[in-house]
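Within every chain, numbering begins at 1; the chains are lettered A, B, ... in the order of the sequence lines, protein sequences first and strands thereafter. The structure displayed is predicted, hence computed values, not measured ones.
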Amino acid sequence: MTSPRLPSLAADAPGVARRVAAVIRRIIGVPDYAAYLAHVRDHHPEQEPLTEAEFQRERLAARYSQPGNRCC
Amino acid sequence: MPRWASALVWTVIAALGAGTLGYLALSRGEQVNAAWLLTAAVCTYLVGYRFYSRIIAAKIFALDANRATPAVRLKDGRDFVPTNRWIVFGHHFAAIAGPGPLVGPTLAAQFGYLPGALWIIVGVVLGGAVQDFVILAASVRRDGKSLGRMAREEIGTVAGTTALVAVLGIMIILISVLALVVVKALQQSPWGTVTIGLTIPIAMLMGVYLQYVRPGKVLETTAIGIVLLIVALYAGRWVAQNPTLAPLFTLTGPQLAKWVIAYGIAASVLPVWLLLAPRDYLSAFVKIGVVVALAVGILIVLPPLQMPALTPFIDGTGPVFAGKLFPFVFITIACGAISGFHSLIASGTTPKLLQNEKDARFIGYGAMLTESLVAVMALIAACVLTPGIYFAINAPAGIIGTTAESAAEVIRAWGFVLDPAQLRELTSHIEESTLLSRTGGAPSLAVGMAMLFSNVLGGTGAMALWYHFALMFEALFILTTVDAGTRVGRFMLQDVLRHVWAPLGRTGWYPAVVISSTLFVAMWGYFLYQGVTDPLGGINSLWPLFGIANQLLAAVALCVGTTVIMKMGKARYAWITILPLCWLAVVTMSAGAAKVWSDDPKLGFLAHARLVEAQLAAGTMPAGAKTAADVARMAFNDRLDAGVALFFMASVVVILAASIYEWVRVHRGTATPTSEVPFVARAAA
């Protein structure tokens, strides 16, 4: 992640808001479908990627099946 | 910065830390401001991070930005995703910080602020943060393997199996004690019960919205959820003030326990998108929100600490929990100083996200220091209350009676002042029917937070809202540990049960799901119910068991860490994990021994079992028992708790023996080779 310079920060308020939202999503642990899609396109072009709904389902199932996600 | 300037800055920070710590340790009689405690903590953390964690980063692991991390090498867009260090820090912190660092320090305040503060501050720098960092670095070097897997591959099968069984045992005790904290916080409180109860339909509404109405719009959904939480807060007040509705939601401990148990089963059986995931998003926000609010409140008010540095209860006669300062302060405060559970996170999601292995220091060591700061703030919030009020809230009814006057009398005998009129005034300000014996730590923390917040915003008129606001937040993220933990526990149990009968291991087969969920909930539900009906309040027996379990897991983690360090050929630095390991071995064994064999029936499980049986034989019923069957059940529970403590102690011995055996083999050059993944350059990956 590169941080934008100040003038562009003011000019591109919606873009900044989008990126802040993306950071918050990652922190609270929302699966990142765009990153997954980009990865499959770049590295496994022969594979058919999961749809967004399938991806979310698969990620949520993985998240709540092993310790390593949650503490006291 | 030039070298001399850097040296100057660090000298000033170190002197400030040492000075404030010295002042705290030596001041007697006069009131100390919270600012001293915060300064001592932050300066110690800075020095620890700059100098102590450097030994692990540079000397032991020689963390190398050019070495490709698992996230880079195994990138799959799912588990392995190279991620910015600040995001991983936030994610890791939200995963490790929970109710533990809030409740433990609150309970340990019965010794005064000093023992808890020193253990939190020193323990984290030399113990907790070391553990988190070493395990994270070890896991990053092993493709993000879990603690149990590393224990098996580095130490051996015995250690690996012990670790897995111990984790399951710890989950059971952890969930039961946290559920007990929620039950204690909500009993006889219609406002709290309604507000917390409403968070469940709110989460389900969010789940449906996210699934069908606006798929993928997590932040929008969470924002709606937060607005609904505020509505639930006011709805709770409205119900509590309504004379026909209020009694319906004024529940006893056993009634609430049954609801929490039913909730646990539902959370484990229902699809995750419906309940768990939306709750989790809400709770992560709330968690960070509470921590920030607490910090802002303390920084603005800078309250004086009403609690003395040390109370007479360091001799083990305390009402909140039994046991002397040593070892019980080190058992009561686990999260915040050293928490074994973190090693599961540090070898879980986090190692698969690091884009640069040098980030392990900031994330492993740094996030734990932040959690420690949260524990210090919780301790401050507990010590904002006068000792009289603190003990009135946290001492069980069996000791202080059920009226403000009886409590005032008992507390006066302890050497503290409680004005019954003042207690009644506080109770009416927060709009509860009583504050006496609201044990478990959550209510007293909520009162402390309400005092801090109402100082900043709203005055006394807003205290009731702030109190229930704090209570709602605490209960929300405690229940999130209960539900997610139950689901994880169910999967772990299925993994064991599949050896008994293969179909029981099928996670998609509904009968197997229901059977294993019910079985796992029954295990923690039993301890919860036992705690709720315990005349000594339950916290007294369950919280120390949780502490011992958590420190046992920390011992496992430090054994794994030490073995990893030795197998890297860095045995001369192994003292960095052996030091906290020795301390934890001493603490867990002596606390375990005291809980099992102490002759004091308030402390020792077996002594208490003998006492109630002797009372029955002599024809007098022990407090809280009505029939001979009640007494038999109490004695059985005591022996069961003793058995659990013995099991944890035996696990410590097994893991230590297995590790020492492996260390000797390392020394002789006959050990199994390390499972560390060889160096791969970043460019090649």
Side-chain angles (χ1 to χ4, degrees), chain A residues 1-6 8-10 12-72, chain B residues 75-79 81 83-84 86-91 93-101 103 146-147 167 171 174 178 211 215-216 218-219 222 271-273 276-277 280-281 284-285 288 334-335 339 341-342 344-350 480-481 484-485 487-489 491-492 507 546 550:
Chain A
M1 279 202 8
T2 55
S3 54
R5 274 185 235 112
L6 273 180
S8 68
L9 198 103
D12 186 25
V16 172
R18 247 198 321 275
R19 286 173 55 175
V20 169
V23 169
I24 296 175
R25 268 200 296 270
R26 300 288 292 281
I27 287 178
I28 66 171
V30 181
D32 189 344
Y33 183 64
Y36 162 76
L37 212 54
H39 170 78
V40 176
R41 294 242 165 89
D42 292 351
H43 294 85
H44 312 281
E46 75 291 350
Q47 278 178 16
E48 182 66 27
L50 299 175
T51 67
E52 178 150 15
E54 283 168 348
F55 175 76
Q56 300 284 355
R57 236 192 332 268
E58 190 263 342
R59 288 289 78 207
L60 284 182
R63 180 177 172 141
Y64 295 103
S65 59
Q66 79 265 348
N69 235 299
R70 156 94 32 240
C71 186
C72 33
Chain B
K75 185 175 167 192
D76 65 358
R78 300 181 187 186
D79 292 309
V81 183
T83 306
N84 174 279
W86 290 94
I87 294 178
V88 186
F89 181 92
H91 189 281
F93 176 73
I96 63 171
V103 175
S146 69
L147 182 75
V167 170
M171 301 272 295
L174 166 75
L178 288 180
Q211 186 79 2
V218 172
L219 292 188
T222 311
V272 269
W273 61 262
L276 252 57
D280 231 5
Y281 297 144
F285 259 109
I288 293 168
C335 311
S339 165
F341 226 90
H342 292 187
L344 301 181
I345 320 283
S347 62
T349 317
T350 310
T480 309
T481 306
R487 201 174 178 96
V488 169
F491 276 92
M492 293 177 69
T507 52
F546 162 57
N550 207 347

A.B. asks: Can you tell me which of A:Arg59, A:Arg26, A:Arg25 forms the most heavy-atom pairs within a distance under 4.5 Å of chain B?
C.D. replies: A:Arg59

A.B. asks: Could you have a look at A:Val30, A:Val40, A:Leu37, A:Ile24 and say which one has the most heavy-atom pairs with chain B under 4.5 angstrom?
C.D. replies: A:Val30

A.B. asks: Using non-hydrogen atoms and a 4.5 Å limit, figure out which bit of B:Leu147 sits close to chain A: side chain, backbone, both or neither.
C.D. replies: neither

A.B. asks: For the interface with chain A, which of B:Phe285, B:Phe93, B:Trp86 has the highest count of heavy-atom pairs at distances below 4.5 Å?
C.D. replies: B:Phe285

A.B. asks: To the nearest 0.5 Å, tell me how far A:Gln56 CD sits from A:Tyr36 OH.
C.D. replies: 11.5 Å

A.B. asks: So how far is it from B:Leu174 CG to B:Asn550 CG, rounded to the nearest 0.5 Å?
C.D. replies: 7.5 Å

A.B. asks: Taking side chain as everything from C-beta outward and backbone as N, CA, C, O, which of these in A:Phe55 sits under 4.5 Å from a heavy atom of chain B? Side chain, backbone, both or neither.
C.D. replies: side chain

A.B. asks: Do any N or O atoms from the side chain of A:Glu54 and from the backbone of A:Thr51 form a donor-acceptor pair under 3.5 angstrom?
C.D. replies: yes

A.B. asks: We want to know whether A:Tyr64 and B:Asp280 form a side-chain donor-acceptor pair, criterion being a heavy-atom distance below 3.5 angstrom.
C.D. replies: yes

A.B. asks: Could you check which of B:Thr222, B:Leu219, B:Val103 has the highest count of heavy-atom pairs closer than 4.5 Å to chain A?
C.D. replies: B:Leu219

A.B. asks: Closest heavy-atom contact between B:Thr350 and B:Ile345?
C.D. replies: OG1-O, 3.6 Å

